[in-house]
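Per chain, numbering begins at 1; letters A, B, ... match sequence-line order.
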Protein chains: 2
Amino acid sequence: MALRNRSKFAILGILNIAPGSGYDIKKYCDTVISNIWSENYGHIYPMLKSLEKEGLIEQVSQENAGRKIQYRTTQTGKEELMSWLCEETLSQPIRSEFMLKFLFSNNLPKENGIRMLTEYREQQRVKLDGYYSMMNELESGIKEISEEREMYLRAVLRRAILSGESMIEWCDETTEIFRK
Amino acid sequence: MALRNRSKFAILGILNIAPGSGYDIKKYCDTVISNIWSENYGHIYPMLKSLEKEGLIEQVSQENAGRKIQYRTTQTGKEELMSWLCEETLSQPIRSEFMLKFLFSNNLPKENGIRMLTEYREQQRVKLDGYYSMMNELESGIKEISEEREMYLRAVLRRAILSGESMIEWCDETTEIFRK
DNA sequence: GGTTTCATGTAACATGTTACATGATTCT
DNA sequence: AGAATCATGTAACATGTTACATGAAACC
């Protein structure tokens, strides 16, 4: 069975939220949804061509913008997107390099494990701080987002926060155990 | 800069815990460490050849086993592994198809979101149950694992449990909000 | 004797990432 | 004018997944 192309629907979905260029899509991934998705140019630009060829997106007739090529979803594109949304999501294979390293490090002195935990905790803390401020921004309601969309965005952010908090909890708990 | 081959060290690390065949490695990934890592045959067998060629692993002279080719890490292999363990782990790009779908589904009726959450919660619950029983097994100490190794295994399992619990918490919380 | 599990392997395909090329526009 | 950022694009490379082929050994 052929794999469903996930980048395809990611890009289609992002354009469905707000029409934009390849560059805009990259920006969106690197900021707003960096905690749940990533794309790179090597995927984005060829995919935009192919989505256009398939008739799922179309160029927005631009007058103002310079070279910028803006796309938006077509009716067909919206329909394909909806049908993907309703498909069940198969659970994806998990790969956590940190956890793997940690598991393997039982031959090294315990202090080494503790150092790994400390560094990792700090990485997580920094990310978590970022999520907290995003949540603040969202809640102060500066952005021009519909209430309905905000609800979903907030849920996704909340997920990132809970997940980060849980990771920090684990780091602390495990460090404690290792110190004893 | 060339990417560091993660499968390489995963396989090397697994063989360092316990010598075994390609088949054994796959088993180990699918059971013990399924919550943190996955490998498939397409990676494992060619990588075993290449690790052997590099001198990082060697075949265990077998007498008993049939066709089974068992490998173990060499001294050089152990050293390379240790040096990888001490390298800092760069944070990996995140891709959660479920979250992406959820974020995109603001055009669908709210009930749809609630259904997604319910299904996802159930998926997580089943996994979590599996982790709980693994933890029980570990704690009853049936397996022939050194105390030191057990400590690391337990930490990794504990991580999976906390992570699952946090996910379920989020599902419940979000469902509540969506019901209002 | 048949079914399941063990066991190794690979070809074809699908996806993901980096590094670079190119040049316009905006900011200072 | 020079630097930073915007913007599009691709070639080369790296990684990941599936489906199938093959057959031995264990189990029932």
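Out of D:dA7, C:dG16, C:dT5, the shortest distance to the side chain of B:Y23 is found at C:dT5. Nearest to the side-chain atoms of B:Y45 among the listed nucleotides D:dG16, D:dG9, C:dA7 stands C:dA7. Each of C:dA7, C:dT15, C:dG16 was ranked by its minimum atom distance to the side chain of A:R6; first place goes to C:dG16.
Backbone-only engagement by A:K27 is indicated by non-hydrogen atom pairs under 4.0 Å involving sugar-phosphate atoms exclusively. A:K26 comes within contact range of no nucleotide atom at all, as no heavy-atom separation falls under 4.0 Å. Among the protein residues, A:G22 comes within range of the sugar-phosphate backbone only, with heavy atoms under 4.0 Å from sugar or phosphate atoms but none that close to a base.
Taking atom CD1 of residue B:I44 and atom P of nucleotide C:dC6, one finds them 14 Å apart after rounding to whole Å. If you take CD1 of A:I69 and P of C:dT25, they are 14 Å apart, rounded to a whole angstrom. When rounded to the nearest whole Å, the span between NE2 of B:H43 and C1' of C:dT15 equals 11 Å.
In this structure B:I161 satisfies the side-chain contact (heavy atoms from CB on, under 4.5 Å) test together with B:L128, B:Y131, B:Y132, B:M135, B:R158, B:E165, sequence neighbours excluded.
If you check the side chains of B:N16 and B:T73, you find a donor sitting under 3.5 Å from an acceptor.
With respect to A:E173 and B:R159, no salt bridge is recorded, no charged nitrogen being found less than 4.0 Å from a carboxylate O.
Between B:F102 and A:Y152, the ring-plane angle classifies as tilted under the 30° and 60° cut-offs.
Ranked by how close their nearest DNA chain C nucleotide is to the 5' end, A:E39 and B:L48 are led by B:L48.
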